[in-house]
2 protein chains.
Amino acid sequence: MKPTIVRTIVELRKEIASFRHSRPLGEASVGFVPTMGYLHEGHASLLRRSSQENGLTVLSIFVNPIQFGPNEDLDKYPRDEEKDVALAASCGVDLVFLPSVQEMYPQSRVTTVTVSEVTERLCGASRPGHFDGVATVVAKLLNIVQPDRAYFGLKDAQQVAVVTRMAQDLNIPTEIVPCPIVREEDGLALSSRNVYLNAQEREQALSLSLALAKVPEWIAEGVGAAELSELLKREIARSPLANVEYADALTYPDLLPPDADVPLRSIDGFMLVALAVRFGNTRLIDNRLLNPMEAGVETCSAK
Amino acid sequence: MKPTIVRTIVELRKEIASFRHSRPLGEASVGFVPTMGYLHEGHASLLRRSSQENGLTVLSIFVNPIQFGPNEDLDKYPRDEEKDVALAASCGVDLVFLPSVQEMYPQSRVTTVTVSEVTERLCGASRPGHFDGVATVVAKLLNIVQPDRAYFGLKDAQQVAVVTRMAQDLNIPTEIVPCPIVREEDGLALSSRNVYLNAQEREQALSLSLALAKVPEWIAEGVGAAELSELLKREIARSPLANVEYADALTYPDLLPPDADVPLRSIDGFMLVALAVRFGNTRLIDNRLLNPMEAGVETCSAK
């Protein structure tokens, strides 16, 4: 069935309220997948999961200007509304929310939601203000949709950590559901930004997932965080077009660095091994979420 | 009827959900009055209004540590739970939420809601971090209670402006209802902090409301913001125990200074004339919200 498309907050709330009142309690759950559009199979996996778990699934498509830095790709961020709506239809989406910038930010923005600590490292360090923009727009969207569950892909693992912590700290009554990374057959993590890559870059972009694939083995050999970082950088450097921005192992979801030389295999709890690598102007990220004590067994969902 | 007392978020949400489901839509509205306790007739006026306008009224009593500065009166802030519950009962309150600090801030606080611009002047200038603490706890409480309407007293007019703007910017689906200042018979604005005043200070504290009472007359005479500020300070200085922190006229609700010398009577829109005055260690605030073009007629509620 074709989803209903709404562009205003008033319309969206009306649709959701009418859904909630039409169903008996317990069958009236609302699932929500916030995106910036140009949807791929990663988004589709979130949408399908939401459709399975909820009576109503809401997809939002909004390229949020306040999470882009001054030299980032806001203006050329890829868009394809028609294709997105078709994909949404095939994934059981009921409502697509397509607000304008004016609808989301009708007056000068004076209110900001800031999450400290978990935003200090990784993308938080290289993209100042980025996570303020993410936390603020997600708080807005969660207040607009008031979903029971919201689904986020773990490719943006730090984003999942930020949103989860924000929802806890602000008592937002939505369950934040982290979902596994979806990859191309050759291992490249799906991303709307992959379209920027030329053929040569696309080939060398494989270095991210290939390096991450070696992590369990390195951990089993007893490396610490500092050595793991070096090994990852050396591995990725074999692709001459790759410029590593970071290659770090941090505790998850607190995103704190473990002691540099303590063997990671002795650390209890989840560990995030995360990469950001530039190919020309295109910045790719990828990661693995691991429980090092479980002998390098990869874990795809985080609690 | 005696209100139900709950101390945990889980219990509170259960009570509110059970109320909402027991009523047909349209009769199930929830009103909310967030306070720091030690209730007086000002709070009572908010509670009675909420009881009149809603099917369920929730009162929260929480002395929020994060809105107090390091040298402020957090430790000695007055408390009287028993008397507060009795007053709540007489005002038709259904639920009293009395959370512990641990219940409200169970982990290190990394998420902050910041409202800029409207917090630059008045109490925002003299109490750094105060309105971050207010905005953050109010965002939390609104997410916990999810009320249809929340009632705030205009004695804290800047707080009303901050909360109203935050709710708009973050799309919080609660109507923020500003309510008029309640005064003692002699004019002193009610405040939990009035108990700190000794007899002499109590007498001289009248200088705030007396000075504000002259504002319409001064405006009618054609004063600008700078002259009004001087007149207020001079008037209050007649009480030797009074130390004026600020005496300002600002646009409302944006809280911007008008041109210093433009006659206030020529300005369209609401104008806030606000005072903060210290008596010993006790800091009192008071204000009048005016529409100067309406020849000094005082207006008690703001939209």
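Labels below follow one simple rule: chain letters A, B, ... track the order of the sequence lines, proteins then strands, and each chain is numbered from 1. A quick note: this is a predicted structure, and the numbers were derived from the prediction, not measured. Note that these values count all heavy atoms, side chains included, but never hydrogens, waters or copies made by symmetry.
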> Any side-chain heavy atom of Asp169(B) within less than 4.5 Å of one from Thr112(A)?
Replying inline: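 Asp169(B) does not reach Thr112(A) side chain to side chain.
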
> For Asn171(B), which of Val145(A), Ile9(A), Leu142(A) qualifies under side-chain contact (heavy atoms from CB on, under 4.5 Å)?
Replying inline: Ile9(A)

>> Exactly one of Thr114(B), Val118(B), Leu170(B) should register a side-chain contact (heavy atoms from CB on, under 4.5 Å) with Thr111(A). Which one does?
In response: Leu170(B)

> Quick one: what part of Gln146(A) sits under 4.5 Å from any heavy atom of chain B, side chain, backbone, both or neither?
Replying inline: side chain

> Who among Ala139(B), Ser108(B), Ala135(B) has the most heavy-atom pairs with chain A under 4.5 Å?
Replying inline: Ser108(B)

>> Between Arg109(B), Gln107(B), Met166(B), Glu117(B), who has the most heavy-atom pairs with chain A when the cutoff is under 4.5 Å?
In response: Gln107(B)

>> Under a 4.5 Å cutoff for heavy-atom pairs, which residue among Ile144(A), Asp132(A), Thr119(A) has the most contacts with chain B?
In response: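 Highest number of heavy-atom pairs under 4.5 Å: Ile144(A).
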
